[in-house]
*Asks:* 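I'd like to ask you about the structure that follows.
Convention: sequence-line order gives letters A, B, ...; per-chain numbering from 1. Worth knowing before you read on, the calculation uses all heavy atoms, side chains too, and leaves out hydrogens, waters and symmetry mates.
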Protein chains: 2
Amino acid sequence: MARKDDHPRPALTVDVVVFTILDSDLKLLLIRRDLEPYRDSWALPGGFVREDEDLMRAAERELTEETSLPREHVFLEQLYTFGAPARDPRERVVSVAHYALVRPELVPLARAASDAAETRWYSVASELPGLELAFDHEQIVELALERIRGKLDYAPIGFELVPRTFTVSELRGVFEAIKGTSYDPANFRRRFRRMLTDKVIEEAPGKRQTGARPATVYRFTAGG
Amino acid sequence: MARKDDHPRPALTVDVVVFTILDSDLKLLLIRRDLEPYRDSWALPGGFVREDEDLMRAAERELTEETSLPREHVFLEQLYTFGAPARDPRERVVSVAHYALVRPELVPLARAASDAAETRWYSVASELPGLELAFDHEQIVELALERIRGKLDYAPIGFELVPRTFTVSELRGVFEAIKGTSYDPANFRRRFRRMLTDKVIEEAPGKRQTGARPATVYRFTAGG
DNA sequence: TCTGTAAAGGTCATTTCGACCTCATTATGG
DNA sequence: CCATAATGAGGTCGAAATGACCTTTACAGA
């Protein structure tokens, strides 16, 4: 791997695409930049990786700095590394992009932390299209959307975006918000029942009132 | 993203896990290191990213430097970025790992280029287990294997490891070598026939002799 | 000419999935 | 107080996919 000791050293950053669901709508967190370049443009939360700091740890730090969200309750995964030579007009900056999934019950915490820089949740469906982001962040967002839409079908990431106790309809709302399509309620329920065989989800006591027949409430067994 | 101009700058490398199929066996390319650290250990081909060089371009360069393979005929994709602070004992080195799939017909070219450093194809099934690689390269290989095994089921990466003209049995051999399991020949053939509906593959003239009934030969329409 | 082997294709039971239906349980409005 | 709307919960039915297994075809070699 290493051959010589004189080699260029690009700056290294992490960026995080933070997703949540609010009002059955997929949203992501953007920050208005207060420095050049791209001053006043909206950008993803992110920053430089510190010395002796692991990449995931750096992403966690950026996440909590911008949102003050507790790491334990947030799903965080590496997405892709963007390193086009001119992606930052000042100098070579390579960015390791991540994505995070935040349960809606934790979003108020994120709102409270937005006193430093201007921070906003943008609707992916209705507000994001046409919005110009700083750097290559549009590309990063696009890839993050592809990733969660694809992973939704074979990995349990949908559960990361519902409250700790939830109904089948609420889970279906998450799937619909991510995919942008609608699911047959009965077929989705059947599919959900099949997931229940592996005991990671159990019925919780009580019902949820929704203006019609009350729905069964589920929760995670692990208690995380 | 960028906040201040004084930030640590780790060295940046790319590493490539190069796979091929030889004798119905999944193999990957390793290079014996001739420098410290991990001198004489086997390692993945890789090296530092040059100034103003795109990450993918750097991976291509490392691939062709070590194997002299023409880029057009090789599938190359980014895998994951490894940045544990102590993964290189000398200094902080962040590595963007990639993986490549090489058609077996091109492997002789790779062999010819191995005059500089010692280069060898290792069998994933029979030679790799227990072998200690340099740095965190075992971890990188493990992730690359997970990736191609998972992707084999929903992406057409199996076709990247057969010759440009191939039979159904040869394709099945590739699937079996990657997954490590055996497939029912008849059911695999049916599955393959369903792929044929989208005209990326067509029947090629001629048959292939195999000691029994000759097999139909297929090829890619794009002619790539 | 017989036999073994692999190609090629088919059958059948099981599973999955989408479309659609019935019934249960609540709130609401006349 | 009852009809109705709305949602939860569960089931049916046919199409499509899948795994196990069988038959036929076409070659090589003894």
Side-chain angles (χ1 to χ4, degrees), chain A residues 21 23-25 149-156 158-159 162-163 165-198 201-219, chain B residues 21 23-25 104 149-156 158-159 162-163 165-198 200-219:
Chain A
I21 304 276
D23 307 322
S24 299
D25 189 38
R149 281 172 183 151
K151 235 180 159 174
L152 193 62
D153 291 325
Y154 66 92
F159 297 107
V162 288
T165 70
F166 61 94
T167 68
V168 178
S169 289
E170 287 165 2
L171 184 67
R172 178 166 53 87
V174 168
F175 273 64
E176 292 178 338
I178 293 177
K179 286 280 198 173
T181 60
S182 62
Y183 288 77
D184 181 280
N187 292 339
F188 186 88
R189 185 177 307 278
R190 179 177 55 190
R191 184 174 156 190
F192 172 75
R193 239 199 327 263
R194 294 218 175 105
M195 297 183 198
L196 289 192
T197 55
D198 43 355
I201 292 167
E202 63 182 7
E203 214 168 302
K207 299 279 182 177
R208 189 157 301 174
Q209 313 294 346
T210 58
R213 176 176 174 174
T216 306
V217 179
Y218 295 88
R219 69 180 173 199
Chain B
I21 304 277
D23 306 322
S24 300
D25 189 37
R149 283 174 181 150
K151 236 180 159 173
L152 193 63
D153 291 325
Y154 66 90
F159 298 107
V162 287
T165 70
F166 60 95
T167 67
V168 179
S169 291
E170 288 165 2
L171 184 66
R172 180 165 54 86
V174 168
F175 274 63
E176 291 178 337
I178 293 178
K179 286 280 198 171
T181 60
S182 62
Y183 288 76
D184 181 279
N187 293 337
F188 187 88
R189 184 177 308 278
R190 180 177 53 191
R191 183 175 157 189
F192 173 75
R193 239 200 327 263
R194 295 222 174 98
M195 298 182 197
L196 288 191
T197 55
D198 44 354
V200 294
I201 292 168
E202 64 182 7
E203 212 168 305
K207 300 278 183 177
R208 187 157 301 173
Q209 313 295 345
T210 57
R213 177 176 174 175
T216 307
V217 178
Y218 295 88
R219 69 181 172 199

*Asks:* When you compare the side chain of A:Glu170 with that of A:Ile21, does any pair of heavy atoms fall below 4.5 Å?
*Replies:*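 SC-SC contact between A:Ile21 and A:Glu170 ruled out.
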*Asks:* Check DNA chain D against residues 175-186 of chain B and give the residues with a non-hydrogen atom under 4.0 Å, in numerical order.
*Replies:*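 Contacts with DNA chain D under 4.0 Å: B:Asp184, B:Ala186.
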*Asks:* Taking the side chain as every heavy atom from C-beta outward, state whether A:Ile201 and A:Phe166 have any atom pair closer than 4.5 Å.
*Replies:*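 In short, these two side chains touch, coming nearer than 4.5 Å.
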*Asks:* Rounded to the nearest Å, what distance is computed from the CZ atom of residue B:Arg193 to the P atom of nucleotide C:dG10?
*Replies:*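 Distance, rounded to whole Å: 7 Å.
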*Asks:* Within this structure, what is the CZ-to-C1' distance between A:Arg189 and C:dC17, rounded to whole angstrom?
*Replies:*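 Those two atoms, CZ and C1', are 17 Å apart.
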*Asks:* Taking OP1 and OP2 of D:dG8, is either one under 4.0 Å from a side-chain nitrogen or oxygen of A:Thr216?
*Replies:*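 No, no such contact exists.
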*Asks:* Whole Å only: how far is the CZ atom of A:Arg194 from the P atom of C:dC17?
*Replies:*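 Distance check: A:Arg194 CZ to C:dC17 P gives 6 Å.
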*Asks:* Take the angle between the ring planes of A:Phe188 and A:Tyr183 and call it parallel below 30°, perpendicular above 60°, tilted in between.
*Replies:*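 Ring orientation of A:Phe188 relative to A:Tyr183: perpendicular.
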*Asks:* Taking five pairs at each end of the helix from C:dT1-D:dA30 to C:dG30-D:dC1, what angle separates the two helix axes (nearest 10°)?
*Replies:*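 Inter-axis angle at the ends, rounded: 10°.
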*Asks:* Do B:Arg172 and B:Ser24 have side chains that approach each other closer than 4.5 Å (heavy atoms only, starting at C-beta)?
*Replies:*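 Result no, sub-4.5 Å side-chain heavy-atom pair not found.
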*Asks:* Over how many whole Å does the gap from A:Asn187 atom CG to D:dA15 atom P extend?
*Replies:*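 To the nearest whole Å, that distance equals 16 Å.
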*Asks:* So how far is it from A:Phe159 CZ to A:Met195 CE, rounded to the nearest 0.5 Å?
*Replies:*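 If we round to the nearest 0.5 Å, A:Phe159:CZ and A:Met195:CE are 4.5 Å apart.
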*Asks:* What is the distance, rounded to the nearest whole Å, between atom CZ of B:Arg208 and atom C1' of C:dA7?
*Replies:*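 That distance rounds to 14 Å.
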*Asks:* Let's test your reading of the model: under 3.5 Å, does the base of D:dG19 pair with the side chain of B:Arg191 as donor and acceptor?
*Replies:*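 Donor-acceptor pair under 3.5 Å: no.
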*Asks:* Does a side-chain N or O from A:Ser169 land closer than 4.0 Å to OP1 or OP2 of D:dG8, or not?
*Replies:*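 Checking A:Ser169 against D:dG8: at least one side-chain N or O falls below 4.0 Å of OP1 or OP2.
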*Asks:* What's the verdict on side chain to side chain contact (heavy atoms under 4.5 Å, CB included) for B:Leu196 and B:Glu203, showing C-alpha distance, side-chain angles and the deciding distance?
*Replies:* CA-CA 10 Å; B:Leu196 288 191; B:Glu203 212 168 305; over 6 Å; no
*Asks:* Rounded to whole Å, please give me the gap between CG in A:Leu196 and P in D:dG10.
*Replies:*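 Spelled out: CG on A:Leu196 to P on D:dG10 is 10 Å.
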*Asks:* Under the 3.5 Å rule, do the base of D:dG19 and the side chain of B:Arg190 count as making a donor-acceptor pair?
*Replies:*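 Counting by modelled atom types and ignoring angles, a donor-acceptor contact under 3.5 Å is found here.
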*Asks:* Shortest non-hydrogen contact from A:Ala215 to A:Thr167?
*Replies:*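 Looking at all heavy atoms of both residues, the shortest contact is CB-CG2, 3.7 Å.
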*Asks:* For a 4.5 angstrom cut-off between non-hydrogen side-chain atoms, does B:Val168 reach B:Arg193?
*Replies:*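 Contact flag for B:Val168/B:Arg193 side chains = no.
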*Asks:* Are the side chains of B:Glu202 and B:Tyr218 in touch, meaning some heavy atoms are under 4.5 Å apart?
*Replies:*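 Heavy-atom side-chain distance check fails, nothing below 4.5 Å.
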*Asks:* OH of B:Tyr218 versus P of C:dA7: gap in Å, rounded?
*Replies:*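 Whole-Å distance recorded here is 11 Å.
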*Asks:* What is the minimum heavy-atom distance between B:Lys179 and B:Asp153, and which atoms define it?
*Replies:*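 Closest heavy-atom pair between B:Lys179 and B:Asp153: NZ-OD2, 2.7 Å.
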*Asks:* Determine whether B:Arg208 and B:Thr165 make a side-chain contact, defined as any pair of heavy atoms from C-beta on separated by less than 4.5 Å.
*Replies:*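 Yes; the side chains approach each other to less than 4.5 Å.
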*Asks:* Which protein N or O atoms sit under 3.5 Å from an N or O of nucleotides 26-30 of chain C?
*Replies:*
unit_1	atom_1	unit_2	atom_2	d
C:dA27	O4'	A:Gly211	O	3.4

*Asks:* Could you tell me which non-hydrogen atom of B:Ser182 sits nearest to which non-hydrogen atom of B:Glu176, and how far apart they are?
*Replies:*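 It is CA-OE2, 3.5 Å.
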*Asks:* Using whole Å, report how far CZ of A:Phe188 lies from P of D:dG8.
*Replies:*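 After rounding, the reported distance stands at 12 Å.
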